[in-house]
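Computed from a prediction, not measured in an experiment: that's the story for all the values here. Values below: every heavy atom of this structure, side chains too, minus hydrogens, waters and symmetry copies.
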Amino acid sequence: MVLIQSTGEFISGLLFINEDELQKVEDKLSITPSDNDVLLNKCRQQLSEYFEGTRRTFDLPLQQNGTGFQQKIWWALIQIPFGQTINYMELSKRTGNTKAIRAVGTTNGKNQLSIVVPCHRVIGSNGTLTGYSGGLWRKQWLLEHEAKIAHGLQMLF
């Protein structure tokens, strides 16, 4: 499941949760109908289209708090085309600081907008799947899903 969080004006979180975590989240929520419903419905619709294979990019107002460096990394993630991957060194190069590769990896891991800010498209230098807060099996599934849609390929890892 994907938990969608919103500030009212922006989508602020898209986080994978397990069913056992759902009850904990529901117990903390106080949901009332509002204008926010329009934004949440738009986000749900776009995620559905992504999973159906009819959407490759997202058109949502996004906001996640972070330093200028983190914002730069998250913006660079959005620029990775659907169905393609890059490694952490390439991401460091694209953001202008190859010496910051560890900080790039840490920032990638702090991304709160899974799928929409596609941190799953960043892989290890040797082509292997590396850390993903949603679980490596989800990262593999997302990459295979995108490869199938973009290239008609089934990927094997």
(request) Could I get the full list of side chain to side chain contact (heavy atoms under 4.5 Å, CB included) partners for Gln84, not counting sequence neighbours? (result) Pro81
(message) Are Trp74 and Ile78 packed together at the side-chain level, in the sense that at least one heavy-atom pair is separated by less than 4.5 angstrom?
(response) no
(message) Is there a side-chain contact between Pro118 and Leu142 in this structure, where contact means two heavy atoms from C-beta onward sitting under 4.5 Å apart?
(response) no
(message) My understanding is that only residues two or more places apart in sequence, or in another chain, count here; which of them pass side chain to side chain donor-acceptor pair (under 3.5 Å) with Gln45?
(response) Glu49
(request) Hey, could you give me the CD1/CD1 distance between Ile11 and Ile4, rounded to the nearest 0.5 Å? (result) 6.0 Å
(message) Going by salt bridge (Lys or Arg N to Asp or Glu O under 4.0 Å), name the residues that satisfy it together with Arg56, two or more places apart in sequence or in a different chain.
(response) none
Got a list of side-chain donor-acceptor pairs under 3.5 Å for residues 57-66, not counting sequence neighbours?
residue : atom : partner : partner atom : Å
Gln64   : OE1  : Gln112  : N            : 2.8
Gln64   : NE2  : Asn111  : OD1          : 2.9

(message) Restricting to non-hydrogen atoms, name the atom on Ser6 and the atom on Leu40 that form the minimum distance, rounded to 0.1 Å.
(response) CB-CD2, 3.8 Å
(message) How long is the straight-line distance from CD of Glu52 back to CD1 of Ile149, given to the nearest 0.5 Å?
(response) 10.0 Å
(request) Return the minimal non-hydrogen interatomic distance between Leu77 and Cys119, and the atom names on each side. (result) CD1-CB, 4.0 Å
(message) Are the side chains of Ile115 and Leu47 in contact, using a 4.5 Å heavy-atom criterion?
(response) yes
(request) Answer yes or no: does atom NZ of Lys42 have more than 12 heavy-atom neighbours from other residues, nucleotides or ligands under 6.0 Å? (result) yes
(message) Testing the basics here: between Leu143 and Ile123, what is the closest heavy-atom pair and its distance to 0.1 Å?
(response) CD1-CG2, 4.1 Å
(message) Treating Thr85 as the side-chain partner and Val122 as the backbone partner, does any N or O pair qualify as donor plus acceptor under 3.5 Å?
(response) no
(request) Go through the structure and list residues passing ring pair (Phe, Tyr, Trp, His ring centres under 6.0 Å) with Tyr88, not counting sequence neighbours. (result) none
(request) Compare all side-chain heavy atoms of Leu15 with those of Gln5 and state whether any distance is below 4.5 angstrom. (result) yes
N/O donor to acceptor pairs below 3.5 angstrom from side-chain atoms of residues 93-105, sequence neighbours left out:
residue : atom : partner : partner atom : Å
Arg94   : NE   : Glu90   : OE2          : 3.0
Thr95   : OG1  : Leu91   : O            : 3.1
Thr95   : OG1  : Ser92   : O            : 3.1
Asn97   : OD1  : Lys99   : N            : 3.1
Asn97   : OD1  : Ala100  : N            : 3.4

(message) Are Gln140 and Leu136 packed together at the side-chain level, in the sense that at least one heavy-atom pair is separated by less than 4.5 angstrom?
(response) no
(request) Not counting sequence neighbours, list each pair that qualifies as a salt bridge (Lys or Arg N to Asp or Glu O under 4.0 Å) and has a residue in residues 120-135. (result) Arg121-Glu146
(request) If a pair satisfies ring-ring contact (aromatic ring centres under 6.0 Å, His included) and one of its residues is in residues 110-146, list it, with sequence neighbours excluded. (result) Tyr50-His145, Phe51-Trp141, Trp141-His145
(request) Any pair with a residue in residues 128-139 that passes salt bridge (Lys or Arg N to Asp or Glu O under 4.0 Å), sequence neighbours left out, goes on the list, sorted by first then second residue, please. (result) none
